[in-house]
Amino acid sequence: MNARPSSVGSSASSDYDSHGYEAFELGGFSFRRDEYFAHIAWKTRDGRPMSHTMDVGNFLRALMRDVAWSFFYGWVNFDDVIGTVNHYESVDLYAGSYNGAMKSASVDRTEGFPTDRIRAVFEQMLDNWTNDGFDPFAAPQETGTPYGAKHGNNRKAVTRARELAVRCVGLKGDLALRTDARGAPVNRAFADVPQDAPEVHAAPGFENEVHAFNLFAFLSRSQVTWNPSFTSVVKHSYMCPTTEEHILPIIHGNDRVEWFFQMCDEIDWNCADKNTGKPLARVIMKAGDMAAMPAYCRHQGYSPKRSMLLVWENGSPSLVSEIQKGESPEVPVRF
Ligand code: PHB
Ligand code: FE
């Protein structure tokens, strides 16, 4: 790592070739892209200019999740250097602050923003930097290239909204979500997933109260990867199944315990200390395996073949402060 002051400094006034892309500023951070890279520049804690470079495809895949998930739970690391921390009314943007080497060299920066302000800049950047033909939510083999000079946009993909159910999926009155995923095709990796529906024999009078659908058939038609959907919500218990292919585009740093159930195929996880990035564990998850990620870790998954994963979240809004006060554990179980 090079801690020398960089010549990139302030991108807004430099003479780089923007290839038709807009540059953005957010507090003491600036962002610009060229044909291959996203360049992030900032002033360090002691006022020196510093910069970081990311492959623009990886940057846009991470930015897409951060925007779509409204900054998620805890830390969304775009890579080992930059990312966001969700404080649920405000969001910190950081560079190097959770990278042990950069932190001890004092070349890091953290700055807090009202959620609406950082969201507005991130949405504009995602819109301007995503070219026609590239879908940041799609698996790499199922979309075009993110590279090159600016050409068009993919507003349809980057503003994709969640389909919201108004009551139990499939019941009369739930107009929003059809359990055949709006007739989307079965993904090439899930050609062997049975598409039959369960039989429901409701007692007279309860026909409009009970329902069941084939979750595997539903997931087999998912058009996106690494994007958990809230499929059941019981108080603060959220069951979030998702289909995974290639690499989780962010390194998620937990602010609470989170559970994984590998429903088919395999995902290999790298787990590390959330504050420094120091490696902690490799977790190899095969069909049927369950794992829990403690609140002190960060993790990133690798799925060689499109697989189905159930993410189980505790969405309680008081959990983070309970963990800080020692009232809730950082681990799922103590042996
Ligand atoms: C996670 O950070 O735990 C996570 C995020 C998205 C997924 C799966 C897991 O699709
Ligand atoms: Fe996670």
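Count residues from 1 along the sequence. Each ligand, and each atom within it, is numbered from 1 in the order the structure gives.
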Just say parallel, tilted or perpendicular for the rings of Phe122 and Phe71, cut-offs at 30° and 60°.
tilted
side-chain hydrogen bond (donor to acceptor under 3.5 Å, both in side chains) involving Tyr94 - partner list, sequence neighbours excluded:
Asn77
Could you tell me which atoms of ligand 1, counted from 1 in the order shown, lie closer than 4.0 angstrom to a heavy atom of His252?
1 (C), 2 (O), 3 (O)
Within 45 degrees of the ring normal and closer than 6.0 Å to the centroid, is that where the cationic atom of Arg65 sits relative to Phe72?
no
Asp135 side chain to Ala157 backbone, donor-acceptor under 3.5 Å:
no
On the 0 to 90° scale, with breaks at 30° and 60°, tag the Tyr73-Tyr88 ring pair as parallel, tilted or perpendicular.
tilted
Which atoms of ligand 1 sit under 4.0 Å from any heavy atom of Val311?
8 (C), 9 (C)
Using a 4.0 Å cutoff against the non-hydrogen atoms of Trp69, which atoms of ligand 1 qualify?
5 (C), 6 (C)
Give the ring-plane orientation class for Trp42 versus Phe29, where under 30° counts as parallel, over 60° as perpendicular and anything between as tilted.
tilted
Determine yes or no for a side-chain-to-main-chain donor-acceptor pair under 3.5 angstrom, with Lys103 supplying the side chain and Thr276 the backbone.
no
Any N or O on Trp269 sitting closer than 3.5 Å to an N or O of ligand 1?
no
Just distance, no hydrogens or angles: give the donor-acceptor pairs under 3.5 Å from side chains in residues 280-295, sequence neighbours left out.
unit_1	atom_1	unit_2	atom_2	d
Arg282	NH1	Asn270	OD1	2.8
Asp289	OD2	Lys286	N	2.8

Nearest-neighbour protein heavy atom for atom 8 (C) of ligand 1, which is reported as residue plus atom name and distance:
Glu244 OE2, 3.1 Å
Atom indices of ligand 1 within 4.0 angstrom of Phe260 heavy atoms, with elements:
3 (O)
Is it true that Asp46 and Ser106 share a donor-acceptor pair across their side chains at a distance under 3.5 Å?
no
Among residues two or more places apart or on two chains, list those pairs meeting side chain to side chain donor-acceptor pair (under 3.5 Å) that have a residue in residues 139-148.
Asp55-Tyr147, Glu142-Asn187, Glu142-Arg188, Glu142-Arg306
Report the part of Arg65 (side chain from C-beta onward, or backbone N, CA, C, O) that has a heavy atom under 4.0 Å from ligand 1; answer both or neither where that applies.
neither
For Asn314 and Trp259, which I'm curious about, is there any donor-acceptor pair between the side chains at under 3.5 Å?
no
Counting from 1, what ligand 1 atoms have a heavy atom of Asn227 closer than 4.0 Å?
10 (O)
Worked verdict on Glu245 versus Thr243 for side chain to side chain donor-acceptor pair (under 3.5 Å):
CA-CA 7 Å; Glu245 181 173 331; Thr243 57; over 6 Å; no
Identify the protein heavy atom lying closest to atom 3 (O) of ligand 1, giving its residue, its atom name and the separation to 0.1 Å.
Glu258 OE2, 2.8 Å
Could you check, using the six-membered ring where one of them is a Trp, whether Phe59 and Trp129 have ring centers closer than 6.0 angstrom?
yes
Hey, which atoms in ligand 1 end up nearer than 4.0 Å to a heavy atom of Thr242?
10 (O)
Nearest non-hydrogen protein atom, atom 4 (C) of ligand 1:
Leu248 CD2, 4.0 Å
Relative to ligand 1, is Tyr73 under 4.0 angstrom through side chain, backbone, both or neither, heavy atoms considered?
neither
Below 4.0 angstrom from a heavy atom of Pro228, which ligand 1 atoms are there? Numbered from 1 as shown, please.
6 (C), 7 (C), 10 (O)
Tell me the contacting part of Ile250 for ligand 1: side chain, backbone, both, or neither, using a 4.0 Å heavy-atom threshold, strictly below.
neither
For the Fe ion (ligand 2), report each protein N, O or S atom nearer than 2.8 Å, sorted by chain and then by residue number.
His252 ND1, Glu258 OE1, Glu258 OE2, His299 NE2
